[in-house]
Amino acid sequence: MNFLAFGQPLVLFGLLALPVIWWLLRLTPPKPQTEVFPPLRILMRVLKPEETPHQSPWWLTLLRLMMAALVIFALADPVFNPRERLETGGGAVAIVMDNGWATADDWDLRVATAERLIADAGASEAPVILAFTADKPNAEIGPFDAEQAVDRLRAAEPRPVPADRASVYGRVAAALETAPGTTVAVLTDGLATAGDQAAFSALLAENAGRLVWIEPERLTMAGLTAVDNQPDAFLATAVRPAGDTAPRQLTAGAFDDRGRRIADTVFTFGLGETTAVGEIRVPFELRNDFAAIRLDGENQAAAVRVLDENSRRRRVGLISQSEADQAQPLLSPLYYIRRALQPFADLVEPSTPDLAEAIPQILEQKPAMIVMADVGTLPDNARDALIDWLNEGGTLVRFAGSRLAAAENDPELLPVRLRLGERSLGGSLSWTEPQAVAEFPASGPFSDLTPPREVSVARQVLAEPTPDLFEHTWASLADGTPLVTGARRGDGTLVLFHVTPEATWSNLPISGSFVEMLRRVVQLSRNQGVIDASGRSGEQSLAPYRMIAANGALVPPPADAEPLLVGAGASRGVTIANPPGLYGTDEGVVAHNLLPADAVLSPIERPETSLPVSEFAYAADESRDLKGLLVALALALMVLDTLAVFWMGGIFRRGGRMGRRAAGSAAAGLLALAALGLVVLAPGHALAQDGVPQGGMNDVDAVDAVSKTRIAYVLTGDSSVDAVSRAGLSGLTRFLIEKTALEPGQPAGIDVETDELSFYPLIYWPIDETSAMPSQAAIARVDAYMQQGGTVLFDTRDQFSTGIGLSGSASPATQRLRDIVAGLNVPPLEPVPDDHVLTKSFYILQNFPGRYNGSPLWVEASLDASNVEERPVRTGDGVSPIMITANDFAGAWAIDASGDPLLPTVPADPMQRVYALRSGVNIMMYMLTGNYKSDQVHVPILLERLGQ
């Protein structure tokens, strides 16, 4: 692999000119130094021989040769880690890209690969045909120019459907009829689909000039194909591509309808195995809560399988009035029913044949379906309970027999009215022969079953002929008499088999059709068939409910999703119109999954063709153009050359105007290098912030800093906290200007580690527990500032966390404050007393709220005051060096550019913000004037002088 390539390699012949440049540079010495007329310096050198350089120094020549070489290399358009280019041969480029479910996991890499091909086509100004194999049938495929193709490529996305190469390749082949010799680039997902070879034959017909084949290096995806809720476990089947032969383990989770993971399983693929079964052994009730199975680590639609009622086992109750004969089990009325239902249902039976006890026992188990074999008249209490269960959504299946034939008609527990007695066919006293089963009605639940030709019926119970008998008939005999009838009862379904459940009246119970017919009835009990008033199930259209996205997430249905047809004769394929997911409503859904139960993931085969074939790989463009870097290095060397010439000319050794001019030239060079990203400013030379010089400060800067009173705030390093601090102090400054004679300057953000603190009478310090702890040197500087008359207002802003002074439950901010003040000489503190000067320095205040209200304002305690009334007088004219609050003063003071408050107060009281600003005014006046208002000793004398 080449790590360096040149777009214009002929330019490298310019390197042959380097010896000539070297010879010219050696013959062109730098300009001699010039000296201002200093007589003494001339006298000192009068005896020295004259020294005039006759050639450039070797290091300066080398510097200039490097500069010239860099320029030559830059003009040659060098590229680091160059990639293989697509040669179009002057013709069009057709890019046919799979965007089915198998491309979702690495879609960005596929897009980057397609962008490389489009960029190469754009370099030769070739038109681009761009088509996706999982797109809408009427999607535009071009031709486009390179810019339009890139826009369409970036707008495309993977779809949770299989690739449809047959139809898309046909459209591309039709577009190539006007562009012979087209370079066809096929970007596959690596999986084979039906009809691939025919599709490739149509695509690579006479109009194609070259094939570019791109497929994944390895196929590592996996998908779920089937689930089976067995009596003792839940089984899920996973498949992987045939090319992935190494042993592999995958984990999967079972999720309920709220997205909670409630069970796990492991799929183990052995060497060369492409199918694995995962087993989840959890209780029956928990298995019925499964709404989806998802493979971990697989971000594509095939790794998710949604479940509906059809995958949940239903509890079925079995009732018979006959005692079981252990010696002859085949004659038991429930024997064949048990054998037929056991694979897909959980069966429960009462402990007694007494219907008055048996039916309540079954109903307590909350079954989805009850099967009654030859049950005649029911006790009244049991009958009423059974009718209520049926009307509430249960499914009742009854089988005929001698008891039912002799019982009176019960219209609420029979789908049709029956004739008294039974009909015998083919007996010695009958003129008729046993009847076969006729074709199942197209509107019934058995419509897609093949009538069992081997089944014959010798006896049955007959239904009374009525006008609507045909509507209730689900299966009939060859002579037209009903074999199975059904009807709706409230929200439930009532089904009657007109023969016995054992092989005495017919051989239906020992046929395979008997199992399938019972399975369909169980499915109806799971609300999977839409039953109308006549009891028939027909083709239905279900609206999209929740769809599986290409990355496997359940999302709302897209705008182009169409209703899904279910029922007899309906196609259930996964398409753009019917993507995988759930269809229906909140009352019931149908699962429409991507992979069928017999799905096989086979690797795609490259088509056999006589065209020239190039194989590329999916990869991002990792090439880097070095032209800009080389030009920047050449400019840097040019600046160094200029500085070297200035130094050799002696400009840096002279003062005055020439020295300043040289310094200006050097500064310009440094700025040029900084613009190229080659030089950064040293940390010790920080730029000015907020108009206040930072770092080192001369006399002029110091005079400027103290020309106006400023309130400072400590920079925490958190941009949001610092922004609120600045906005808050700006709001307080504006309020001070409006309400008092003080006109402060703009607030200043300071760094306690480096900045001078003595210029500010008050420093507002918002405590941020996430910022770095100040160093011991910084804490010592703050302590010196406080001892020399400055005041620091600490604000923990945590009133609703713990508040200041609550022991044992300190918030992180309060704990950080304790760590800071541990290194300070902090005097004893107390909440501001009612008669403290802070309560009357400008406004009369009772408390000091901020954005929050409730935390006291802590100040230095007046420990020497023996008389509480004289407390403020005994403290002298000094002010407290420290104040602490948790009420977030800056949050209450903060305003935006228009003067509106930035943050709401808690609670939302407009007057709280006013009192917060007044608190700030009192604090500022207290800082600037001391406690002069507390000096009540002089009040009588002052009044006397005023003639009062």
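Here, residue 1 is the first one in the sequence, and each next residue gets the next number.
- By the side-chain contact (heavy atoms from CB on, under 4.5 Å) test, Pro247 is found to be paired with Leu271, residues two or more places apart in sequence or in another chain being considered.
- Checking Ser456 against Gln435 by side-chain atom types alone, no donor-acceptor pair falls below 3.5 Å.
- A donor-acceptor pair shorter than 3.5 Å can be found between the side chains of Arg287 and Asn229.
- Residues meeting the side-chain contact (heavy atoms from CB on, under 4.5 Å) test with Ala163, sequence neighbours left out: Asp98, Thr133, Arg165, Asp189.
- Using a 4.0 Å cut-off between charged nitrogen and carboxylate oxygen, Arg159 and Asp560 count as a salt-bridge pair.
- Not a single salt bridge (charged side-chain N to carboxylate O under 4.0 Å, His left out) links Arg258 to another residue, sequence neighbours left out.
- Between Gln321 and Gly376, the shortest heavy-atom distance links the atoms OE1-N, 3.2 Å.
- Here the side chains of Met372 and Leu396 are in contact, with some heavy-atom distance below 4.5 Å.
- Taking the side chain as every heavy atom from C-beta outward, Val371 and Leu341 approach each other to under 4.5 Å.
- A salt bridge is absent between Arg240 and Glu273; no separation between the charged side-chain nitrogens and carboxylate oxygens falls under 4.0 Å.
- Under the salt bridge (charged side-chain N to carboxylate O under 4.0 Å, His left out) criterion, Glu279 pairs with Arg281, sequence neighbours left out.
- Annotation: salt bridge (Lys or Arg N to Asp or Glu O under 4.0 Å) contacts involving residues 289-298, sequence neighbours excluded, comprise Arg248-Glu298, Arg261-Asp296.
- Between Phe446 and Val521 the shortest side-chain heavy-atom distance falls below 4.5 Å.
- Taking a cutoff of 4.0 Å between a charged side-chain nitrogen and a carboxylate oxygen, Arg339 and Glu502 do not qualify as a salt bridge.
- The heavy-atom pair separating Pro158 from Gly100 by the smallest distance is CB-O, 4.2 Å.
- Residues in residues 355-375 take part in these side chain to side chain donor-acceptor pair (under 3.5 Å) pairs, two or more places apart or across chains: Ser351-Gln361.
- With sequence neighbours excluded, the residues that form a side-chain contact (heavy atoms from CB on, under 4.5 Å) with Leu554 are Val306, Ile548.
- Between Phe234 and Phe290, the distance from one ring center to the other falls under 6.0 angstrom.
- Taking both residues in full, the closest heavy atoms of Leu542 and Tyr583 are given as O-CD2, 3.6 Å, listed atom of the first, atom of the second, then distance.
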Evaluate the criterion salt bridge (charged side-chain N to carboxylate O under 4.0 Å, His left out) for residue pair Glu349 and Arg315; output intermediate values, then yes/no. CA-CA 10 Å; Glu349 298 184 41; Arg315 188 175 281 118; over 6 Å; no
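- Residues Leu334 and Ala373 come closest through the heavy atom pair CD2-CB, 3.8 Å.
- For the pair Thr485 and Pro415, the tightest heavy-atom approach, listed with the atom from each and the gap, is OG1-CG, 3.3 Å.
- A 4.5 Å side-chain heavy-atom check between Pro579 and Met547 finds at least one atom pair inside the cut-off.
- A heavy-atom distance below 4.5 Å is not found between the side chains of Asp264 and Thr251.
- In terms of the salt bridge (charged side-chain N to carboxylate O under 4.0 Å, His left out) criterion, Asp468 has no residue partners (sequence neighbours excluded).
- The side-chain hydrogen bond (donor to acceptor under 3.5 Å, both in side chains) test applied to Thr500 returns Thr504, not counting sequence neighbours.
- Each of Asn551, Val574, Leu191 was checked for a side-chain contact (heavy atoms from CB on, under 4.5 Å) with Trp101, and the lone residue meeting it is Leu191.
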Could you give me the CA-CA distance, side-chain angles and deciding distance for Phe399 and Phe497, then say whether ring pair (Phe, Tyr, Trp, His ring centres under 6.0 Å) is met? CA-CA 5 Å; Phe399 282 85; Phe497 282 76; 4.6 Å; yes
Walk me through whether Thr352 and Asp354 qualify under side-chain hydrogen bond (donor to acceptor under 3.5 Å, both in side chains). CA-CA 5 Å; Thr352 174; Asp354 184 2; 5.3 Å; no
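- Contacts of Glu464 classified as salt bridge (charged side-chain N to carboxylate O under 4.0 Å, His left out), with partners at least two apart in sequence or in another chain: Arg419.
- Between Arg488 and Thr493, the side chains place a donor N or O and an acceptor N or O closer than 3.5 Å (distance only, hydrogens not considered).
- Not counting sequence neighbours, the partners of Glu454 by the side-chain contact (heavy atoms from CB on, under 4.5 Å) test are Pro452, Ser511.
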Identify every side-chain donor-acceptor pair in residues 377-388 under 3.5 Å, counting partners at least two apart or on other chains, and give the distances.
{"from": "Arg383", "atom 1": "NE", "to": "Asp410", "atom 2": "OD2", "distance (Å)": "2.7"}
{"from": "Arg383", "atom 1": "NH2", "to": "Asp410", "atom 2": "OD1", "distance (Å)": "3.0"}
{"from": "Arg383", "atom 1": "NH2", "to": "Glu412", "atom 2": "OE2", "distance (Å)": "3.0"}

